[in-house]
Student: 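I have a structure here, written as structure tokens, and I will follow up with some questions on it.
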Amino acid sequence: MATMPLQPRLIVATRNPHKSAEIQAMLGYRFTVLDATHFPNFPEIEETGSTFLENATLKAEGISRCVDGWVLADDSGLEVDALGGAPGVWSSSFGGEEGNHTMNNARLIREMAGKTERGARFRCTMVLAKDGTAQADFCGSVEGTLTDSPRGTGGFGYDPLFIPEGYDQTFGELAAAVKNHLSHRARALQQAVSWLDANHPKKII
Ligand code: ITT
């Protein structure tokens with residue numbers, strides 16, 4: 001009887017289960033994704049950087065000091081034109097409480113009330129690290145506009161308020177497969193996987 005080859009594992013330095021679920025869905029059978037929730041001993045990494053790259057590097061290097069193999073970190077957020085690029089790297093605590101998406105969305109709706117300039121983009125920076133050292137970084141972004149009230153229950157975070165360019169539904173309304181095809185995270189991840197394939201074929205485990 002034929003046996004399935006063992007999938008290489010990719011450790012993703014995130015405690016946000018939505019991010020790791022999206023990354024696993026995008027990678028399909030290529031890799032088994034293990035996020036920080038699988039490793040209770042992983043340290044909490046303080047995100048003290050002021051850019052996506054600095055924070056992704058802190059997370060990737062910090063976790064890769066504690067585990068064998070490649071570690072991928074994702075730092076991401078929403079940049080709003082009418083707010084001068086805010087919340088940006090502070091997206092996850094914009095509403096006053098780290099990781100509280102309801103409060104984040106409520107503050108965004110408040111700050112955007114009455115504004116006609118609605119342009120925004122999601123950005124994602126990914127860093128691949130091994131043995132405590134960052135080896136490569138990749139950026140992805142997706143342009144769009146903001147609605148004035150939430151629409152849809154899909155995705156996470158600001159997704160119910162964000163309509164990607166070329167569509168008339170929010171990421172909260174569109175199928176997950178659509179988001180995973182064109183998102184900031186998808187665009188960064190495609191580059192990260194190509195880099196691993198080109199530079200470290202068959203040495204991922
Ligand atoms: P980790 O640091 O553990 O990875 P986190 O959620 O705190 O988890 P970030 O510091 O990168 O991650 O902050 C990302 C925030 O940006 C996230 O909490 C959302 O508010 C927002 N965000 C990022 N990607 C998003 C997406 O695909 N859809 C909606 N909101 C997103």
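Residue numbers run from 1 in the order of the sequence given. This is a predicted model, so every value here is computed, not measured. In listed order, ligands and their atoms are each counted from 1.
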Student: Provide the closest heavy-atom pair for F52 versus G77 in the form atom of the first, atom of the second, distance.
Tutor: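 F52 and G77 have their closest heavy atoms at CE2-N, 3.6 Å.
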Student: Can you list the ligand 1 atoms lying under 4.0 Å from a non-hydrogen atom of K179?
Tutor: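 Atoms satisfying the 4.0 Å criterion: 26 (C), 27 (O), 28 (N).
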Student: E22 to ligand 1: N or O pair under 3.5 Å?
Tutor: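 No, E22 has no N/O under 3.5 Å of an N/O on ligand 1.
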Student: Are any of the side-chain nitrogens in R121 or D81 under 4.0 Å away from the carboxylate oxygens of its partner?
Tutor: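 Counted as a salt bridge, because a side-chain N and a carboxylate O are separated by less than 4.0 Å.
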Student: For atom 25 (C) of ligand 1, which of the options F162, W90, F156, F94 provides the nearest non-hydrogen atom?
Tutor: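 The nearest heavy atom belongs to F156.
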Student: Using a strict cut-off of 4.0 Å, indicate which atoms of ligand 1 neighbour a heavy atom of R15.
Tutor: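 Listed by number with element: 3 (O).
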Student: Identify, by atom number and element, the atoms of ligand 1 in contact range of E98, meaning under 4.0 Å from any of its heavy atoms.
Tutor: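 With E98 as reference, the close atoms of ligand 1 come out as 7 (O).
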Student: Checking T14 against N16: is there a side-chain donor and acceptor pair closer than 3.5 Å?
Tutor: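 Side-chain D/A pair, N16 to T14: absent.
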Student: Would you mind listing which atoms of ligand 1 come within a distance below 4.0 Å of any non-hydrogen atom of Y158?
Tutor: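 Answer for ligand 1: 20 (O), 21 (C), 29 (C), 30 (N).
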Student: State if D159 counts as touching ligand 1 under the rule of any non-hydrogen atom under 4.0 Å.
Tutor: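 Heavy atoms of D159 do come under 4.0 Å of ligand 1.
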Student: Which option wins on minimum heavy-atom distance to atom 11 (O) of ligand 1: K19, H18, H101?
Tutor: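 Considering heavy atoms of K19, H18, H101, the nearest to atom 11 (O) of ligand 1 sits in K19.
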Student: Check if G155 has a non-hydrogen atom at a distance under 4.0 Å from any atom of ligand 1.
Tutor: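 Per 4.0 Å heavy-atom rule, G155 does not contact ligand 1.
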Student: Answer whether the closest heavy-atom distance between the side chains of R185 and I23 falls below 4.5 Å.
Tutor: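 A side-chain contact exists here, since the closest heavy-atom pair is under 4.5 Å.
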